[in-house]
Amino acid sequence: MNFLRGVMGGQSAGPQHTEAETIQKLCDRVASSTLLDDRRNAVRALKSLSKKYRLEVGIQAMEHLIHVLQTDRSDSEIIAYALDTLYNIISNDEEEEVDDVEEENSTKQSEDLGSQFTEIFIKQPENVTLLLSLLEEFDFHVRWPGVRLLTSLLKQLGPPVQQIILVSPMGVSRLMDLLADSREIIRNDGVLLLQALTRGNGAIQKIVAFENAFERLLDIITEEGNSDGGIVVEDCLILLQNLLKNNNSNQNFFKEGSYIQRMKPWFEVGDENSGWSAQKVTNLHLMLQLVRVLVSPTNPPGATSSCQKAMFQCGLLQQLCTILMATGIPADILTETINTVSEVIRGCQVNQDYFASVNAPSNPPRPAIVVLLMSMVNERQPFVLRCAVLYCFQCFLYKNQKGQGEIVATLLPSTIDATGNSVSAGQLLCGGLFSTDSLSNWCAAVALAHALQGNATQKEQLLRVQLATSIGNPPVSLLQQCTNILSQGSKIQTRVGLLMLLCTWLSNCPIAVTHFLHNSANVPFLTGQIAENLGEEEQLVQGLCALLLGISIYFNDNSLENYMKEKLKQLIEKRIGKENFIEKLGFISKHELYSRASQKPQPNFPSPEYMIFDHEFTKLVKELEGVITKAIYKSSEEDKKEEEVKKTLEQHDSIVTHYKNMIREQDLQLEELKQQVSTLKCQNEQLQTAVTQQASQIQQHKDQYNLLKVQLGKDNHHQGSHGDGAQVNGIQPEEISRLREEVEELKSQQGLLQSQLAEKDSLIENLKSSQVSAGNEQASAAASPRDSEQVVELKQELTALKSQLNSQSLEMTRLQAENRELLQRAEALAKSAPVEGESENVATAKTTDVEGRLSALLQETKELKNEIKALSEEKTAIKMQLDSSNSTIAILQMEKDKLDIEVTDSKKEQDDLLVLLADQDQKILSLKSKLKILGHPVEEEDESGDQDDDDDETDDGDKDQDI
């Protein structure tokens, strides 16, 4: 304590260099002192000085503090002091004692200082790895300062620290253990650490997700009370957004893990009007944003669609619609809920159908779409809310032709409510289209354009809409009323909205183009607008007028003689000029708000004056700008050729459609036939069961009949003659003779089988002998083991069959003997019955015994038949196996003959070569002798070498011959 007092006293009394000297002394003591207590006191003193003298402590003490972390890990107190000191050096958390004038400058200096010290710390990656290892300590005084220090490092220099942690073994897994810590302060700071760790790094996001982060975070949110929880819930939701946003892999993992179902309780807010604290609003706002992350239009379509279906199946969409129609919801939560519902139903037919069925809790109930449209065309509603409603309506109609038809139908004369008690969606849109509020005009025009997007049928239906402009005047079509408002020179926002509606309406709809051109005032108005030299504000309107006129040319079917394609082109060339027309057309895509609107489907504008372009309209401009330019420069001949090509394509499409319909009809017929077949199968099975039941009944009647015959035989026993005595218990002599015939037939079949077996034995012996003779050849060397194995198997099967036949023949002999004995007993009984006159009970017992034996004999005879049948089947199988073995042997014999021929040929070739070599040797010897006679020297070594070569060649030849 005296040491610390001296340090603090020197800090307050002396000049600036005194603190630097004090810090230097403390650093020397940390580095050189051998006592742990001295080092601990020195580090504690550095900690107390680190906030006020951050720069000095950081420069002089950082290296010593890192050394303490490496060497003094056994003492948790000094480790805690060192970690706190490093945190004070690196962190930018300032004391609140700074004057307002100096606050900005001090903040900048603090940020620069923190990033510089962070860079020094992570210059050695081992320092970050050391810090990760310290986080494994369970001691609160070590773990919590370590979490804070690592969080501060990530905030200062995120990407380099993230990379060090990523390559560190089990680095991310160690940090994930913080979420399971039972101490809330460490768990909560661990969430903040993971926020900084996962920001902008897809690889770490995937690792954290697969380390079961979703399960743990959702458990924490549930424990904290969902949307009623505190700031911990907010931190968990921000971390979930980091893990899921723009990460398709994690989104798929979140969906497949059934975590979407666990989001439903978040939105069970009830109808409480007083329970909306600022934290609850923030939590619910983040929860809605998390839902939007999963169904964002920028995600892959397949992933978005599967999440949308899961949200409908688990009831999440229904819960969001409940919030949408509830009362007392804060405005920003209501706006975000509308945006969330919009993206949950966008492009998903099931969700769109459900949303169309939602009613507001009013009397009488009104569809939710109508209630929302009432807010959109009401100029007193907040601008952000009106944009959200427009986005919801656009998403409801996106790829939803059924919904488009329902909206357009509310404008048609046959469906308008004559009583005027209820307001329809179409009436609201028309009211907004012609109101005095330019924003309502723009929103209604864009909403109607989405009801026509990509739907030629509804474009034609909308031509039927008639409007009553004033009392006493005839009704005017909706198309004509839009052009009338255009010509009256209203606000730019209104004109832009109407021009976008007209361009969408007329594109890909020649009938609408004809209706538009039929009004003789429309074309002069458009050409006049395009030809004038107006200011920059009017250039966008000129570009849209050029686009509308270009659409009238490109989709013109030449049904009006005065406004055919060629005449309109000539009109443009005379009054405007082709180059000028194309230049005005390009004003649309060059506008500063065009590119902003083309990025996202959601109409997100900072203020109403920026609300100019619609996202879907920018797609239409991209599609038509090029083709209109080509159409303007095309000649009449090229137009004719193009029309012919179009007609050919239409004919081809009609043929394809015809065949598609035929295929569809055939598919229906096939389905009907399949159903008929299935019904017939069922009927057949029922009839078969009925036949089986009837057969069983017939058998029962036969058994009853036999019993009656036995009873009659007993009654007539004493009155019967000798011939009648031959009948015993209902068994006629004809049956006994038939049994004898069957026994004889069985004997003949047994003899036939034995003769066939003998033939097979001889055949197998022949096969064995042929295999033995072929065993010395090369071709059969590889195949003979397999044949011998087959032969052995066949012999074993034949031996088994012989043993079965022998046992069956013995059994048949025994049965025949018993049969003869029974017949003799039956005859003896029949003869002795009238003479001896035994008692009726004894006769009954004997006849019963005979009846049982005869029935047993019949049963055994049936079993013998079945066994003989099985033997015949086995015989057939053996015959097939023998045939296959015979074919295999024949194939092998053919291959062996081929190899014999090849060996003979090779031997002949070798003999010829030997003869040639012998002739060459003779020639060489004769030539050498001639050379000697002529006096040329001939070396003996060459001769010996030649002789050796000859010997080698002859040896090689002999070897080849042996082979």
Side-chain angles (χ1 to χ4, degrees), residues 3-4 7-8 10-12 14-33 38-73 77-98 102-132 134 141-142 144-161 164 193 196:
F3 171 76
L4 188 58
V7 170
M8 298 305 291
Q11 174 185 335
S12 60
Q16 185 66 31
H17 68 274
T18 306
E19 284 77 12
E21 291 175 358
T22 304
I23 292 168
Q24 182 62 43
K25 288 179 182 178
L26 292 172
C27 292
D28 293 340
R29 178 158 292 197
V30 171
S32 60
S33 180
D38 287 348
R39 294 199 303 273
R40 187 188 304 121
N41 291 332
V43 174
R44 181 168 53 193
L46 287 171
K47 175 190 171 185
S48 64
L49 295 171
S50 59
K51 287 189 177 181
K52 189 172 183 180
Y53 303 106
R54 180 181 175 191
L55 178 62
E56 291 79 4
V57 175
I59 291 172
Q60 299 185 41
M62 180 176 284
E63 185 178 353
H64 301 294
L65 294 170
I66 293 171
H67 184 70
V68 168
L69 295 178
Q70 294 171 345
T71 56
D72 292 329
R73 291 190 61 172
E77 191 174 357
I78 192 172
I79 294 293
Y81 290 148
L83 290 171
D84 285 336
T85 307
L86 288 170
Y87 174 77
N88 292 336
I89 293 168
I90 291 171
S91 175
N92 290 330
D93 295 339
E94 290 288 331
E95 297 291 334
E96 296 183 358
E97 299 176 358
V98 184
E102 300 176 355
E103 185 174 358
E104 187 175 353
N105 294 329
S106 63
T107 303
K108 289 182 180 179
Q109 292 175 1
S110 176
E111 290 177 357
D112 294 339
L113 202 58
S115 61
Q116 288 173 7
F117 282 131
T118 303
E119 190 174 355
I120 295 170
F121 185 85
I122 68 172
K123 192 172 184 180
Q124 298 294 330
E126 296 82 7
N127 296 338
V128 180
T129 307
L130 174 64
L131 189 55
L132 289 172
L134 288 172
H141 298 290
V142 176
W144 185 53
V147 171
R148 294 172 66 212
L149 176 57
L150 188 55
T151 306
S152 182
L153 291 171
L154 285 164
K155 287 180 179 178
Q156 294 292 345
L157 291 176
V161 180
I164 295 171
L193 170 60

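Just so it is clear, the values below take in all heavy atoms, side chains as well, and ignore hydrogens, waters and symmetry mates.
For the side chain to side chain donor-acceptor pair (under 3.5 Å) test, no residue two or more places apart in sequence or in another chain qualifies with T118. Under the rule for a side chain to side chain donor-acceptor pair (under 3.5 Å), Q70 has no partner lying at least two apart in sequence or in another chain. For K47, the salt bridge (charged side-chain N to carboxylate O under 4.0 Å, His left out) criterion is met by D84, not counting sequence neighbours. Not counting sequence neighbours, the partners of N88 by the side chain to side chain donor-acceptor pair (under 3.5 Å) test are S50. In this structure, the salt bridge (charged side-chain N to carboxylate O under 4.0 Å, His left out) partners of E77, at least two apart in sequence or on a different chain, are R40.
One N or O on the side chain of R39 and one on the backbone of S33 form a donor-acceptor pair closer than 3.5 Å. Not a single donor-acceptor pair under 3.5 Å links the side chain of S152 to the backbone N or O of R148. When atom types are taken as modelled, the side chain of R54 and the backbone of I90 share a donor-acceptor pair closer than 3.5 angstrom.
Rounding to the nearest 0.5 Å gives a distance of 9.5 Å between CG of L49 and OG1 of T85. To the nearest 0.5 Å, atoms OH (Y87) and OG1 (T151) are separated by 8.0 Å. With rounding to the nearest 0.5 angstrom, the OG atom of S91 is 12.5 Å from the CZ atom of F117. Note that CG of D72 and NE2 of H67 are 7.5 Å apart. Values are rounded to the nearest 0.5 Å. Rounded to the nearest 0.5 Å, atoms CG (L55) and CD (Q116) are 8.5 Å apart. To the nearest 0.5 Å, the span separating CD on Q60 from CD on E21 amounts to 10.0 Å.
L149 pairs in a side-chain contact (heavy atoms from CB on, under 4.5 Å) with only one of the listed residues (L193, L86, L154, I89), which is L86.
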Walk me through it: do I164 and V161 pass the test side-chain contact (heavy atoms from CB on, under 4.5 Å)? CA-CA 5 Å; I164 295 171; V161 180; 5.5 Å; no
Before giving the answer on side-chain contact (heavy atoms from CB on, under 4.5 Å), spell out for L131 and L83 the whole-Å C-alpha distance, their side-chain angles and the decisive distance to 0.1 Å. CA-CA 9 Å; L131 189 55; L83 290 171; 3.8 Å; yes
Take Q156 and N92 through the side-chain contact (heavy atoms from CB on, under 4.5 Å) test and state the conclusion after the steps. CA-CA 9 Å; Q156 294 292 345; N92 290 330; 2.6 Å; yes
One pair to check against side-chain contact (heavy atoms from CB on, under 4.5 Å): Q24 and D28. What are the steps and the verdict? CA-CA 6 Å; Q24 182 62 43; D28 293 340; 3.1 Å; yes
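Looking at V30 and L65, their side chains never come closer than 4.5 Å, going by heavy atoms from C-beta outward. Inter-residue side-chain proximity for L134 and R73 is flagged as met; some heavy-atom pair is nearer than 4.5 Å.
Nearest heavy-atom pair, L69 versus I79, reported as atom, atom and distance to 0.1 Å: CA-CD1, 3.8 Å. Summarising the geometry of L157 relative to S115, their closest heavy-atom pair is CD1-O, 3.9 Å, with the distance given to 0.1 Å. Closest approach of L130 and I66 over heavy atoms only: CD2-O, 4.2 Å.
In E119, the CD atom is not crowded: 12 or fewer heavy atoms of neighbouring residues, nucleotides or ligands sit closer than 6.0 Å.
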Which atom pairs, donor and acceptor, lie under 3.5 Å between side-chain atoms of residues 122-129 and protein residues at least two apart or in another chain?
unit_1: N127; atom_1: ND2; unit_2: F121; atom_2: O; d: 2.8
unit_1: T129; atom_1: OG1; unit_2: P125; atom_2: O; d: 3.2

